[in-house]
Visitor: 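One structure, as structure tokens, below. Some questions next.
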Amino acid sequence: MHPGEPRLDVARVRGQFPGLSDGFVHTDAPGGTLLPESVVHAVSSAMRVPVANRGGVFPSSSRTEALVAGARSAVADLVGGVPTGVVLGPNMTTLTYAVARALARTWRLGDEIVVSRLDHDANIRPWLQAAATRGATVRWAEVDIETGELPAWQYDELITPRTRLVAVTAASNAIGTRPDVAAIAARAHAVGALVYVDAVQAAPHVFLDRAALGADFLVVSAYTWCGPHVGALVADPGLLAELDPDRLLPAPDRVPDRFEAGTPPFELYAGVTAAVDHLAGLCEESAGSRRERLRDAMAAVAAYESSLFEWLDQALRAMRHVQVVGFPEHTTPTLSFTVPGMRPRQVAAELSRRGICAWDGDFYARELFDALGVNELGGAVRLGLAHYNTAEEVGYVIDSVAALRGALL
Ligand SMILES: Cc1ncc(COP(=O)(O)O)c(C=O)c1O
């Protein structure tokens, strides 16, 4: 961090999270972050007044329209989109299934799609299942098993004139790897293929720019960035208009509503807006539009988190009883590790006994952990940082992982 660069006042930030008062060290952020008071307040306030369905001519219905518009505009600011290109839904998985089904209607026998072994299953299985319905060929981008990287160069061979879709993650939920999505997207666009980017794990840590990434579709889940359990898909409204999603006959056919099946949790949309506002407000000295403040805030978040993460990562790699999975160069502050001789569940239970929240398992990165041989060991333990974690907490986590050695003797 250089003088003059936006800074994160972590003590101030922590005061905004009532959940931190449980006394635990929350290193489970990739599975869902804690909620700031502003988000809790926004949702409860939305529930204190009448909230009707959309489309009515009375005030409580207009209020709901405002909740929807607010959340769309907030997500657009978060990732660099326009509100009319923001589809809200229950989660990333459901949205991806909806788009996969709609896109598959445009595929023909012999068309090809490319998925990656690095991805969460939610950006693999819906595509495989959609491809199977059309007789499309699936090609796999492989992970370098030494480093956990997803080399962009392999897409030169994987992408052909028959490629219709490339699905890739902006950050691995298991080992943090951040592939060069822009380079992959450029290769896909050269043959006219669409690019579907899973930004569920990138959004909490980096300033996203959908256009710069080359993402025709970009998906996020608010619960990884201090929001409620709501997902969002962002695309060009023109592209959304071309597709034919499953929808009910009387349901609106306009974009983006045509992708939003059924009655959603409108109250939670207030929390989505508040979560984006929380992120945009992380740097007190920052000014300008919400998008501009997000740029500063995410730069400060990235600088802060990466200094803590580097320490955590290096300390764990130096422990002889610990094996950190992969060694990617560009990462989010997320890692997975194993302790040979202990099941991941045992490790997580021991950390929990010490007051540390850490996930164990395969985190739905099934293909990745199969490729790396981690599933043979029962998966791994995952530690992921958020902007509310402190150096003191990281030090405590390092000491606690070091102390696992005692359990092995
Ligand atoms: C990288 C990544 N993609 C997709 C998902 C699935 O998201 P959702 O739970 O919103 O369906 C997750 C969930 O953890 C994830 O980490």
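When a ligand or atom number is given, it counts from 1 through the structure's own listing order. Below, all heavy atoms of this structure are taken into account, side chains as well, without hydrogens, waters or symmetry copies.
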Visitor: Does a salt bridge link Arg353 with Glu350, judged by any charged N lying under 4.0 Å from a carboxylate O?
Guide: yes

Visitor: According to ring-ring contact (aromatic ring centres under 6.0 Å, His included), who are the partners of Trp127, at least two apart in sequence or on a separate chain?
Guide: Tyr196

Visitor: Any side-chain heavy atom of His189 sitting closer than 4.5 Å to one from Asp216?
Guide: yes

Visitor: Kindly print each ligand 1 N/O atom paired with any protein N/O atom under 3.5 angstrom away, one pair per line, or none if nothing qualifies.
Guide:
residue	atom	partner	partner atom	Å
ligand 1	3 (N)	Asp198	OD1	3.3
ligand 1	3 (N)	Asp198	OD2	2.5
ligand 1	9 (O)	Tyr223	OH	2.6
ligand 1	10 (O)	Met92	N	2.8
ligand 1	10 (O)	Ser221	OG	2.4
ligand 1	11 (O)	Met92	N	3.4
ligand 1	11 (O)	Thr93	N	2.8
ligand 1	11 (O)	Thr93	OG1	2.5
ligand 1	16 (O)	Gln201	NE2	2.7

Visitor: If you measure only the distance, is there a donor-acceptor pair under 3.5 Å linking the side chains of Glu112 and Thr160?
Guide: yes

Visitor: Cut-off 3.5 Å, side chains only: do Arg139 and Thr163 have a donor facing an acceptor?
Guide: no

Visitor: In the structure I gave you, are the side-chain heavy atoms of Tyr269 and Pro264 within less than 4.5 Å of one another anywhere?
Guide: yes

